[in-house]
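Below is one structure, written out as structure tokens; comments come after it.
Treat the numbers as computed from the prediction; the structure is a model and nothing was measured.
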Amino acid sequence: MTWVDQKQGSAKRALQGFNRDALFAVSMMVATGFGFAKAILLAALLPVEIYGFYIAAFGIATLSGMVLSLGEIERTYKVYPKLDALGNGAAILGRAFALVRRLALRLLVCLAGVSALFEFYSPYGMGLAEVVTVMGVAMLFMCQTLMASVIRAIDSLRILPRFTAARGLVALVVTTPVAIMTQDWILVLQIEAFGIALVLLLFVLLVSAHPKVATEKGEDVKPEELDDSETRSGRLIYSASLISALVPYGGRSALLAIDGPAMAGAFGVLNALVQVAQLLASSLAQKLAPDLLKEAALRGDGARVGWLERFGVSLVLLWGTSIAVFLGTAISFFWSEAFEFWAGYTITIPVLFITAIQMAMSAHLFLFFAVVSEDREKDLVFAAIATVFIFYTGLKAASFFSIGLPGYAASAALASTAHTLYLAACYRRALRANA
């Protein structure tokens, strides 16, 4: 077969999968749209400083959840698909419940230590109630991530969009009236946590009744056959995820300290736009991940398909969405109410253009599981370190030269671009080495 024939075959298979991938992407975009709407509505309803505190606290909770995972949730990314591929889907839920118990105990110990610390030091005026709320949200974040891992392993095409939609819709419905009535970020965070907890409980019941985890039987697989081989991988994925999270979540807290809550709020609004692309990229990656990992489990090797077939449709959808969001937000400047909203956060069209570049570079989420499927988790860590270094160096430079929001946005866009290009080079190198 000639090189041209190979490329034509890859293009044909990519086009054949377009309708399937596009349908899944659309369903996930509709589902994640509720979360985006919540972020924008809260930004419009809450004062700039109050929204800054809310977005910073949410970031702290997310980072805390990632720290407390200690790599155990990240290890499920490989273990659960392998259990399903080997006919042991019934073992997934039991392992998940045991992990939740360990995470809850870990959280209680951490909460006790943090509560004692706050008797002597209370940053940003936070008290015990605020600490308990933030740590509670951290626990819910871990449970959400674990639930998504379970769903990906057993049936990502049908259940995942429903889970994402329910989570976003409930958060939107419960937080909006509280924001209007109270203008209190901690109450908004508390009611959001309550809503997410209800959604999690509902989907635990639904997933428990799923045929793959309720009735599936297969040859027993000893835990050490999976866990021992994946412990190191899970720790590396954990380290990479935690380091990478210092950009979107740690960046909010950093700007809160560097430039005050108003700037943290503005950066949070831009992050809400970036999340549109990231959620789309993440949804497509979650569809791709089980196929890659299960194929690796069954064949003992990574996937061997062309770049066009693997990423062509996903990149078209991601870049098309990034362009559409930029054009839509730019056009909204001609509407007086929207113009006042953007102006309140000192957001301009050039800043939105920079943010659109960051949205397009969310392609690193496609490459995350691709690199994992090739057992190159070390590359994830190196990429994360480089990304964080570029981002925080950019923040420091933007602050030193008083560039403001354009400089902060450019730092995030440059860091995301470096992340994507580095992982693309690593994955390409791994494919060539294993060809």
Side-chain angles (χ1 to χ4, degrees), residues 56-80 83 91-123 126-153 163 167 186 189-190 192-201 203-204 207-208 223-224 226-246 248-250 252-253 372 377 380-381 384 388:
F58 203 95
I60 292 171
T62 304
L63 275 177
S64 299
M66 296 184 74
V67 170
L68 291 171
S69 166
L70 296 180
E72 290 199 82
I73 293 178
E74 288 74 16
R75 186 172 57 189
T76 68
Y77 296 171
K78 275 191 170 183
V79 171
Y80 288 178
L83 283 169
I92 293 177
L93 210 56
R95 288 175 177 237
F97 285 138
L99 178 53
V100 168
R101 289 192 292 270
R102 291 197 298 274
L103 294 174
L105 179 60
R106 208 173 290 164
L107 182 81
L108 290 174
V109 173
C110 181
L111 180 60
V114 173
S115 300
L117 175 63
F118 269 67
E119 291 294 326
F120 307 96
Y121 175 65
S122 300
M126 293 177 66
L128 183 59
E130 287 81 3
V131 174
V132 171
T133 298
V134 169
M135 297 306 290
V137 174
M139 183 65 198
L140 291 172
F141 168 79
M142 291 188 287
C143 291
Q144 286 180 96
T145 306
L146 182 59
M147 176 62 76
S149 185
V150 172
I151 291 172
R152 280 197 304 269
F163 175 62
R167 186 178 59 191
I186 192 64
L189 200 58
Q190 288 171 343
E192 183 171 359
F194 177 74
I196 292 174
L198 290 180
V199 171
L200 279 169
L201 179 60
F203 274 83
V204 166
V207 170
S208 298
E224 58 268 19
L226 292 171
D227 295 339
D228 288 350
S229 63
E230 305 302 343
T231 296
R232 182 172 176 274
S233 171
R235 288 173 179 171
L236 289 172
I237 295 174
Y238 165 71
S239 299
S241 300
L242 184 60
I243 295 169
S244 297
L246 292 174
Y249 302 116
R252 301 170 189 175
S253 299
V372 169
E377 288 84 358
L380 297 178
V381 178
V388 170

L107 side, atom CG; M139 side, atom CE - distance, nearest 0.5 Å: 6.5 Å
F58 side chain near V134 side chain, heavy-atom distance below 4.5 Å: no
Heavy-atom closest contact (S64 atom, A138 atom, distance): CB-CB, 4.0 Å
Audit row: R106, E72, salt bridge (charged side-chain N to carboxylate O under 4.0 Å, His left out) steps and yes/no: CA-CA 12 Å; R106 208 173 290 164; E72 290 199 82; 2.5 Å; yes
Inter-residue atom distance L108.CG - L103.CG, 0.5 Å rounding: 11.0 Å
Heavy-atom pair of closest approach, residues V137 and A193: CG2-CB, 4.0 Å
Atom pair CE/CD1 of M147 and I73 - distance to nearest 0.5 Å: 12.0 Å
R101 vs F97 side-chain heavy atoms within contact, under 4.5 Å: yes
Summary of salt bridge (Lys or Arg N to Asp or Glu O under 4.0 Å) pairs that have at least one residue in residues 131-142, sequence neighbours excluded: none
From S69 atom OG to L99 atom CG, the distance as rounded to the nearest 0.5 Å: 7.0 Å
Full working for side chain to side chain contact (heavy atoms under 4.5 Å, CB included) between I92 and V79: CA-CA 9 Å; I92 293 177; V79 171; over 6 Å; no
pair S244-V388: side-chain heavy atoms closer than 4.5 Å: no
Nearest-0.5 Å distance, CZ of residue F141 to CG of residue L146: 11.5 Å
Inter-residue atom distance M135.CE - L140.CG, 0.5 Å rounding: 11.5 Å
Close side-chain approach of L200 to R167, heavy-atom, < 4.5 Å: no
Any T76 side-chain heavy atom under 4.5 Å of V150 side chain: no
